[in-house]
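Quick note on labels: first sequence line is chain A, next is B, and so on, each numbered from 1.
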Amino acid sequence: MSAEFDEFLSKFSRLRDQPANSARLSDAERKALDILKATATIDAAALTDLIERHPHAMPFLVSCVGLSQEQLKGELKRLLGVGGWVKIARREPKRLIQTLDLEFGLVEAVSRQHQHSWSFVDVLVERRVWSQHRATASQNTGRQLEDLVEEIIKSFDVPYKMRTRFDGRGNEDAPCDFAIPAGGRNAQIVGAIKGFDSTGSKLTDAVTEVTKVAEVRLPGQYVYAVVDGIGWLRRQADLKRIFELYEQRRIDGLYTKRLLDSFKADLSDALRRLNLLK
DNA sequence: CAACTTAACGTCAGCATAGC
DNA sequence: GCTATGCTGACGTTAAGTTG
């Protein structure tokens, strides 16, 4: 590249300030942690008492079972139908603790980690595990859903292609997560697979993608969507847009992991109608 | 096979709105 | 009026796929 470009490159700087060494905690959070620190014995009653008076202890407590703040919000939506922890911690602290304990073994985890004496290295390890978990493990959640769907497609012993594009109406094409028997102009059955345990504009992007598939599809093409994950529960406006596509029959099927049996049956019918089965 | 491109999911902040 | 929750979009990191 040109010398001018190299010169331009040399003028770049880091935008973010160096990360602060000590996280800023609110007074409410600090107070909650002081109480936790002073608690001699951790049991269900102690935690119930703690969160009833100090709901802001919740994100700290659930970190003991590997839940981030966002994951906590998602799980509360799934398990209790609420979007936050403060109100429910004050009103139904017992139910909140019991639910999380049943699902994640919260009390035991907090108790164990409360007693543990932590070394410097322990802290370093924890930091590393969390930051790595964030990026790598999250990739797998979406991939797992893809793999489940791929297994079903495989069971029919037909040619297919994962993560590709297909041609539809006019000169338009669209991305899809699977295509049978192949992508491009040969696609006869296509589908989108969108698993999210968290929220974000990525879910809006996913809806846009599914919408695009529905728009581009040819009359004879079958279109399916498989969605799942607690992220959708917190992004229902986006989920509804996909559901409407299904209600209007602009896509032929909409499934979650627990509905994959129906997907298999519907796919079987479609393959038979298209004479793709051997 | 290294460089590059595309696409995957998660975290968080900011503003709007609801609820006490 | 203040706090909790709802809604939205920008941003971060990594893996898989592509290309020369």
May I ask you to verify if any side-chain N or O of [X] is less than 4.0 angstrom from the OP1 or OP2 atom of [N]?
X: A:Gln71; N: B:dT11; value: yes
X: A:Arg91; N: B:dC20; value: yes
X: A:Lys202; N: C:dG9; value: no
X: A:Ser198; N: B:dC9; value: no
X: A:Arg90; N: C:dA4; value: yes

Regarding [X], tell me which of base, sugar-phosphate or nothing describes its non-hydrogen contacts under 4.0 Å with the strands shown.
X: A:Gly83; value: sugar-phosphate
X: A:Asp238; value: nothing
X: A:Ser68; value: sugar-phosphate
X: A:Gly229; value: nothing

Pick the closest DNA chain C nucleotide for A:Arg163 and for A:Gly200 by heavy atoms, then say which residue is nearer the 5' end.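 Of the two residues, A:Gly200 wins.
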A:Arg235 vs A:Trp85, nearer the 5' end of DNA chain C by closest nucleotide: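 Looking at the nearest nucleotide for each, A:Trp85 comes out on the 5' side.
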Does A:Asp27 come within less than 4.0 Å of A:Lys31, counting only side-chain N to carboxylate O? no
Can a side-chain donor-acceptor contact be found between A:Ser268 and A:Arg272 if the only test is distance below 3.5 angstrom? yes
With a 3.5 Å cut-off and no angle check, do the side chains of A:Tyr222 and A:Arg217 form a donor-acceptor pair? no
Without decimals, in angstroms, what is the distance between [X] [atom1] and [N] [atom2]?
X: A:Leu67; N: B:dT11; atom1: CG; atom2: C1'; value: 14 Å
X: A:Gln69; N: C:dG6; atom1: CD; atom2: P; value: 13 Å
X: A:Leu72; N: C:dG6; atom1: CG; atom2: P; value: 13 Å
X: A:Arg165; N: B:dT6; atom1: CZ; atom2: P; value: 10 Å
X: A:Leu145; N: B:dG10; atom1: CG; atom2: P; value: 12 Å
X: A:Glu146; N: B:dA8; atom1: CD; atom2: C1'; value: 8 Å
X: A:Asp197; N: B:dA8; atom1: CG; atom2: P; value: 16 Å
X: A:Lys240; N: C:dT8; atom1: NZ; atom2: P; value: 10 Å

Closest to the A:Thr199 side chain: C:dA4, B:dC12, C:dA16?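 Selected nucleotide (nearest to the side chain): B:dC12.
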Map A:Glu70 and A:Glu209 onto DNA chain B by nearest heavy atom, then report which one ends up closer to the 5' terminus. A:Glu209
Taking for A:Ser201 and for A:Lys87 the nucleotide of DNA chain B with the nearest heavy atom, the one nearer the 5' end belongs to A:Ser201
Backbone of A:Asp167 reached by a side-chain donor or acceptor of A:Gln221 within 3.5 Å: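 Checked: pair present.
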Check: A:Ser119 main-chain N/O paired with A:Asp122 side-chain donor or acceptor under 3.5 Å: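 It does hold such a pair.
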What orientation do A:Tyr255 and A:Tyr224 show, parallel under 30°, tilted 30 to 60°, or perpendicular over 60°?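 Ring orientation, 0 to 90° scale: tilted.
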